[in-house]
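Worksheet for the structure shown next.
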4 protein chains.
Amino acid sequence: MPKNEISRKEREKERHRKDILDAALVLFSEFGFHSVSMQQVADKAEFSIGTLYNFFRNKEDLYSNLLDKLTARFHVELTGALSEGDDEIEKLRNYIIVKAVVFRENLDIVLLYFRETSGVNFNLKAGMDDRIRIQYVELLELLAGVFEDGIRKKRFHGIAEPYFLALTLDSLTNATLLGCLENPENRSYPQDPDVFLNVLFKGLLVS
Amino acid sequence: MPKNEISRKEREKERHRKDILDAALVLFSEFGFHSVSMQQVADKAEFSIGTLYNFFRNKEDLYSNLLDKLTARFHVELTGALSEGDDEIEKLRNYIIVKAVVFRENLDIVLLYFRETSGVNFNLKAGMDDRIRIQYVELLELLAGVFEDGIRKKRFHGIAEPYFLALTLDSLTNATLLGCLENPENRSYPQDPDVFLNVLFKGLLVS
Amino acid sequence: MPKNEISRKEREKERHRKDILDAALVLFSEFGFHSVSMQQVADKAEFSIGTLYNFFRNKEDLYSNLLDKLTARFHVELTGALSEGDDEIEKLRNYIIVKAVVFRENLDIVLLYFRETSGVNFNLKAGMDDRIRIQYVELLELLAGVFEDGIRKKRFHGIAEPYFLALTLDSLTNATLLGCLENPENRSYPQDPDVFLNVLFKGLLVS
Amino acid sequence: MPKNEISRKEREKERHRKDILDAALVLFSEFGFHSVSMQQVADKAEFSIGTLYNFFRNKEDLYSNLLDKLTARFHVELTGALSEGDDEIEKLRNYIIVKAVVFRENLDIVLLYFRETSGVNFNLKAGMDDRIRIQYVELLELLAGVFEDGIRKKRFHGIAEPYFLALTLDSLTNATLLGCLENPENRSYPQDPDVFLNVLFKGLLVS
DNA sequence: GATGAATGAGTTTTCATTCAT
DNA sequence: GATGAATGAAAACTCATTCAT
């Protein structure tokens with residue numbers, strides 16, 4: 001069955017590709033792009049250097065594939081969270097909860113992501129990061145949309161620009177989660193999403 | 001006049017040191033630590049490579065001196081802002097205004113600072129960044145203190161932990177200012193500090 | 001034939017390693033460790049610099065591998081010479097003859113060896129040279145053992161400590177051979193080992 | 001008194017020169033020519049780098065001046081020892097005793113000297129070391145002369161070439177003294193010069 | 001004569017990338 | 001497709017030497 005043959009080979013190839021990306025993720029997220037050599041990635045992935053170059057044009061390509069894959073996953077999870085829930089408050093609660101779960105379960109990825117994005121501008125050639133930036137803005141605008149809807153439906157006081165409120169919620173959750181995940185002994189992060197929402201909305205909520 | 005002689009030489013040396021740090025700041029803030037070579041810093045500072053090494057033990061030492069100097073300056077400005085003003089609201093307004101000014105006038109520095117700090121964990125050897133982290137925590141605690149005072153004096157509702165409120169205000173202003181400064185064409189940042197405060201306090205303020 | 005494939009590659013790699021060591025030997029023995037650059041070794045070995053570092057961790061590692069290999073070879077030859085021969089006199093004659101042959105046929109090595117050892121203490125990190133020193137002391141003690149046996153068997157007068165006699169014979173042959181080999185036009189070295197032995201033993205030999 | 005003025009200045013200059021050479025001796029003898037920087041010599045001598053260059057054309061010149069001064073001192077002491085004493089045996093005893101004293105009292109110098117000479121050929125440009133070699137050969141020939149005289153006067157058996165005997169005595173004392181001085185805890189060196197002479201002459205002495 | 005800041009050629013070392021097997 | 005030896009450009013860093021003060 002040549003069809004199956006091919007598909008088995010394809011699947012195997014895909015698995016190898018994944019192995020390489022997994023190894024790269026662990027190393028890049030711990031040490032950063034410049035402090036990890038292709039040799040180290042190859043060693044960790046248990047492939048030879050040459051094989052890495054069969055899958056990726058160069059080091060940057062490997063990195064950017066990694067980031068793309070990761071940000072896509074994040075994007076899906078977080079935008080998904082924002083679309084579920086009956087009303088705007090529920091959506092925001094969902095967003096906060098999912099974000100906490102995602103962060104906790106993918107610390108590697110999150111650190112790598114922030115290494116790239118929160119520096120605000122990036123170390124690598126522009127272009128690679130543009131896609132990340134676009135997805136980030138998309139997410140913020142989605143979040144802003146939720147605020148806007150809530151305001152229009154009189155769920156919240158329209159006390160500030162929706163985009164502004166979105167930025168606030170995002171920054172706040174980032175800062176809190178990163179602080180908690182980095183020093184877990186230090187300060188545990190809130191299980192209850194309303195801790196975050198209260199900061200923003202107590203008083204904003206239409207009674 | 002040997003006294004003057006000496007002092008003139010010393011002053012000149014200090015100026016050269018500053019020239020090098022200035023050149024390094026511009027380059028590091030634009031391209032990042034790993035993407036700038038000592039040769040480039042030397043060229044920009046109009047000195048030879050050897051001279052750089054007469055002032056700094058190695059590349060990391062240069063970088064770390066730069067960061068120390070910058071964070072010290074920030075720290076002074078921002079803690080100063082928090083200590084001026086008649087009541088807590090005034091202190092917070094002050095903080096927001098001064099931060100905006102400082103950010104706008106020192107974009108290089110700010111970008112370099114965030115490249116180091118917001119990446120959450122750092123690329124370079126620990127120790128250098130510990131001082132930065134300590135100063136950052138100090139600032140946050142000072143800010144938290146203002147919230148605490150305000151809550152105790154019934155100026156604000158005690159709706160959340162003071163440290164949490166501090167983190168929120170800090171994240172929010174960072175995100176906004178960086179967003180605005182990076183893409184000035186895109187979105188201007190608010191001149192009025194109350195735009196920030198409203199997000200937090202409308203409804204929190206005791207009427 | 002994958003087996004042969006592998007072994008051929010391995011053999012080739014070993015040959016390359018040997019080529020590098022050979023080039024290094026010639027240069028180091030003529031100019032000394034500090035006066036030879038890795039570039040020069042690479043050029044002489046007809047490899048690129050990078051290849052040198054695929055075989056040796058750094059310059060010191062290359063040097064130390066070279067010394068280890070050489071001293072091991074010497075050690076084997078000279079201790080071998082001391083174990084052959086019917087009686088003690090014969091063993092000493094053997095030692096003198098073999099040493100002369102070894103010195104003449106490996107002038108490069110000998111010079112490099114003496115550059116390290118006779119300088120009494122060494123330029124490089126300790127550890128590398130400890131092995132050399134240990135082997136040297138081993139050899140001297142073997143030689144001393146021959147004298148001791150000879151004295152016990154009344155082949156020689158026990159006119160001095162065996163270790164002392166060993167040191168004397170070693171120093172004497174070194175000085176003579178090096179003097180001759182360095183300035184061959186100047187003074188040829190004795191073919192007859194008894195020339196050395198006579199100095200020591202005429203009168204010491206039990207008649 | 002301008003005469004005195006000048007002479008005081010001259011004396012001072014000479015003292016500075018000596019200070020530099022002393023500092024250089026300590027450093028070079030411990031670490032070797034290549035591992036000591038002019039900066040280190042300047043620091044140890046408590047002068048500036050520039051001052052070193054007022055006294056010596058370059059690093060090599062400093063080194064070679066140092067060696068010249070030291071070998072000259074050695075040469076005087078050892079040739080002196082060979083010229084004192086009533087008969088040849090006495091001269092040789094003298095030589096051995098003086099050499100031991102000189103070695104013990106000038107370990108720095110001796111190590112530096114051997115670093116240069118016993119390596120047999122030298123690290124630096126030829127020329128500097130030729131003078132050392134010439135003086136060494138001169139000394140050996142003087143020593144050989146003593147043996148020759150002793151043989152002619154029937155004090156010793158003419159059992160080997162005088163030059164050969166000289167080389168033997170020299171090598172032997174070098175090896176012994178260096179061994180002792182390097183590891184003083186290990187093996188003390190003989191106080192009695194006859195320990196050396198016995199090795200050579202017991203049986204060679206005309207009874 | 002003394003100083004020491006400035007120089008820059010030269011050295012070691014790294015590492016992304018290629019390509020013959 | 002996999003391999004990994006070979007490459008060499010590029011980087012950090014050193015240090016003998018100069019020269020203006």
Side-chain angles (χ1 to χ4, degrees), chain A residues 9 12-13 16 34-43 46-63, chain B residues 2 5-6 8-10 12-13 16-17 20 34-42 45-62, chain C residues 2 5-6 8-10 12-13 16-17 20 34-42 45-62, chain D residues 9 12-13 16 34-43 46-63:
Chain A
K9 262 194 182 168
E12 186 144 294
K13 192 176 165 184
H16 290 181
H34 284 100
S35 303
V36 172
S37 70
M38 290 298 265
Q39 185 64 63
Q40 285 173 288
V41 177
D43 288 349
E46 294 179 277
F47 282 107
S48 73
I49 279 203
T51 303
L52 266 58
Y53 281 86
N54 285 334
F55 283 94
F56 304 96
R57 281 199 321 285
N58 51 38
K59 190 183 179 185
E60 224 169 74
D61 186 41
L62 166 57
Y63 191 65
Chain B
E5 278 284 313
I6 286 169
R8 192 169 56 74
K9 258 196 179 170
E10 297 257 311
E12 186 145 293
K13 193 174 171 183
H16 291 179
R17 192 186 146 92
I20 294 170
H34 288 289
S35 302
V36 172
S37 71
M38 289 299 264
Q39 186 64 64
Q40 285 172 291
V41 177
E46 293 179 279
F47 282 108
S48 74
I49 275 208
T51 302
L52 266 58
Y53 284 89
N54 286 337
F55 282 94
F56 303 98
R57 280 199 320 284
N58 51 40
K59 191 182 177 185
E60 221 171 76
D61 186 42
L62 166 58
Chain C
E5 278 284 313
I6 284 168
R8 193 171 54 75
K9 258 198 180 170
E10 298 257 310
E12 186 146 292
K13 194 175 172 183
H16 290 179
R17 191 187 146 92
I20 294 170
H34 289 288
S35 302
V36 172
S37 72
M38 289 300 263
Q39 186 63 67
Q40 286 173 292
V41 177
E46 292 179 280
F47 283 108
S48 73
I49 273 209
T51 302
L52 266 57
Y53 283 87
N54 285 335
F55 284 93
F56 304 97
R57 281 198 320 284
N58 52 38
K59 190 181 178 186
E60 221 171 76
D61 187 42
L62 167 57
Chain D
K9 263 194 180 167
E12 186 144 292
K13 191 175 166 185
H16 289 180
H34 284 99
S35 302
V36 171
S37 70
M38 289 299 265
Q39 185 63 65
Q40 285 172 288
V41 177
D43 288 350
E46 292 177 279
F47 283 106
S48 73
I49 280 204
T51 303
L52 265 59
Y53 281 86
N54 285 334
F55 283 94
F56 304 97
R57 279 199 320 285
N58 52 37
K59 190 183 179 186
E60 224 171 72
D61 186 42
L62 166 58
Y63 192 64

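Just so it is clear, the values below take in all heavy atoms, side chains as well, and ignore hydrogens, waters and symmetry mates. A quick note: this is a predicted structure, and the numbers were derived from the prediction, not measured.
- What you find for L62(D) and M38(D) is that their closest heavy atoms are CD2-SD, 4.1 Å.
- Here D61(B) pairs with N65(B) under the side-chain hydrogen bond (donor to acceptor under 3.5 Å, both in side chains) rule; sequence neighbours left out.
- In this view, E46(B) satisfies the side chain to side chain contact (heavy atoms under 4.5 Å, CB included) rule with no residue, not counting sequence neighbours.
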Quiz item: Taking protein heavy atoms under 4.0 Å as touching, what does nucleotides 8-15 of chain E look like 5' to 3' if B marks base contact, S marks sugar-phosphate-only contact and - marks none?
Solution: B---SBB-
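- One atom, OH of Y63(A), and another, P of dA16(E), lie 14 Å apart when rounded to the nearest Å.
- By the side-chain hydrogen bond (donor to acceptor under 3.5 Å, both in side chains) test, D43(D) pairs with Q39(D), sequence neighbours left out.
- In this view, E12(C) and R15(C) satisfy the side-chain hydrogen bond (donor to acceptor under 3.5 Å, both in side chains) rule, not counting sequence neighbours.
- Summarising the geometry, the separation between CZ on F56(B) and P on dA5(E) is reported as 14 Å, rounded to the nearest angstrom.
- Considering every non-hydrogen atom in both S35(B) and Q40(B), the closest pair reads O-OE1, 3.7 Å.
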Can you give each donor-acceptor pair under 3.5 Å made by side-chain atoms of residues 50-57 of chain B, sequence neighbours left out, with the distance rounded to 0.1 Å?
| residue | atom | partner | partner atom | Å |
| --- | --- | --- | --- | --- |
| T51(B) | OG1 | S48(B) | OG | 3.2 |

Quiz item: Dot-bracket for DNA chain E: what is it, with Watson-Crick or G-U pairs under 3.5 Å, [ ] where a pair crosses earlier ones, and | for a pair to another strand?
Solution: .||||||||||||||||||||
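- Taking NE2 of H34(A) as the reference point, atom OH of Y63(A) lies at 9.5 Å (rounded to 0.5 Å).
- Within the 4.0 Å cut-off from OP1 or OP2 of dA5(F), not a single side-chain nitrogen or oxygen of H16(C) is found.
- Of the side-chain N and O atoms in K13(D), one or more sit less than 4.0 angstrom from OP1 or OP2 of dG1(E).
- Here the C1' atom of nucleotide dA20(F) and the CD atom of E12(B) are 11 Å apart, to the nearest Å.
- Using modelled atom types, one side-chain atom of K59(C) and one backbone atom of V36(C) make a donor-acceptor pair closer than 3.5 Å.
- Within the nucleic acid shown, F55(B) comes within 4.0 Å of sugar-phosphate atoms alone, with no base atom in reach, counting heavy atoms only.
- Between L52(A) atom CG and dT18(E) atom P the separation is 13 Å, expressed in whole Å.
- Rounded to a whole Å, the CG atom of L62(D) is 16 Å from the P atom of dC15(F).
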